[in-house]
Amino acid sequence: MKVRTLLCATLLSLSSGSVQASVPQGMTLKLMHEGVQLVGTLKIARTDELLGVWSSAGRARLLRCEPRCKVVTSIPMPGTLTLGTDARARVVLGGTFKVGQRVGLVFRLKNAQIVSVQATVTR
């Protein structure tokens with residue numbers, strides 16, 4: 001129930017024009033065993049911190065991989081954050097997904113910024 005409330009509040013705040021980050025193009029979700037991993041780049045105007053990512057499937061796990069991956073509560077963003085299989089920062093979402101499925105993602109940043117993204121599931 002809290003996730004739905006958060007998503008509704010996020011969508012309402014998006015309609016009021018509070019987004020200050022550039023909306024990323026070409027974000028994809030790479031299909032993995034029992035979930036997906038976000039692949040792409042998120043650019044923002046200044047240094048910030050990623051606090052969480054949500055979708056209709058629930059909250060994603062934020063991982064920092066140096067060299068082993070650990071679940072963290074936030075990921076620092078020096079202006080550009082690259083996410084993916086070979087990146088130090090990873091975002092993984094558990095659940096059942098199909099290739100070609102479009103998934104809406106909501107990024108929450110520390111400075112009260114919210115970014116909404118549509119990503120397509122690929123292999």
Side-chain angles (χ1 to χ4, degrees):
M1 189 66 180
K2 289 182 182 182
V3 172
R4 286 185 184 174
T5 305
L6 178 64
L7 286 175
C8 290
T10 301
L11 292 175
L12 288 174
S13 68
L14 286 174
S15 64
S16 65
S18 67
V19 176
Q20 297 172 3
S22 65
V23 177
Q25 299 295 323
M27 286 275 213
T28 59
L29 293 166
K30 184 179 176 185
L31 196 59
M32 299 172 58
H33 183 67
E34 298 196 28
V36 290
Q37 179 178 359
L38 186 61
V39 177
T41 303
L42 180 64
K43 296 179 185 178
I44 58 172
R46 60 179 185 228
T47 303
D48 207 336
E49 196 172 354
L50 179 63
L51 299 178
V53 179
W54 288 265
S55 79
S56 59
R59 183 175 183 166
R61 293 194 185 259
L62 305 177
L63 302 171
R64 180 174 227 151
C65 302
E66 297 175 338
R68 290 187 172 194
C69 293
K70 292 190 245 180
V71 176
V72 294
T73 57
S74 65
I75 297 174
M77 292 185 61
T80 301
L81 179 65
T82 302
L83 301 166
T85 307
D86 297 330
R88 288 185 176 182
R90 299 180 189 179
V91 175
V92 178
L93 187 61
T96 304
F97 299 90
K98 296 179 182 178
V99 174
Q101 178 181 352
R102 293 185 56 88
V103 179
L105 300 169
V106 178
F107 291 78
R108 172 83 163 96
L109 304 173
K110 186 174 185 175
N111 290 327
Q113 293 181 3
I114 297 170
V115 180
S116 178
V117 175
Q118 287 286 323
T120 304
V121 177
T122 62
R123 286 200 186 272

Heavy-atom pair of closest approach, residues [X] and [Y]:
X	Y	result
Ala57	Phe97	CB-CZ, 4.0 Å
Ser55	Val103	CB-CG1, 3.9 Å
Val39	Gly84	CG2-CA, 4.1 Å
Cys65	Ala87	CB-O, 4.4 Å
Ala89	Leu81	CB-CD1, 3.8 Å
Lys98	Val121	O-CB, 3.3 Å

Student check: side-chain heavy atoms of [X] and [Y] closer than 4.5 Å:
X	Y	result
Gln113	Arg46	yes
Met77	Ile44	yes
Arg64	Ile75	no
Leu83	Leu42	no
Leu109	Leu51	no

Just how far is it from atom [atom1] of [X] to atom [atom2] of [Y], taken to the nearest 0.5 Å?
X	Y	atom1	atom2	answer
Gln37	Met32	CD	CE	5.0 Å
Lys43	Thr82	NZ	OG1	9.0 Å
Leu63	Arg88	CG	CZ	15.0 Å
Leu93	Arg61	CG	CZ	10.5 Å
Asp48	Arg108	CG	CZ	9.5 Å
Met27	Thr120	CE	OG1	12.0 Å

Would you mind telling me which of Val91, Val115, Val106 makes a side chain to side chain contact (heavy atoms under 4.5 Å, CB included) with Val53?
-> Val91
Backbone N or O of Thr85 within a donor-acceptor pair of the Arg90 side chain at under 3.5 Å?
-> yes
Consider only side-chain heavy atoms of I, L, V, M, F, W and Y, link residues closer than 4.5 Å, and tell whether Val117 and Leu38 are in one cluster.
-> yes
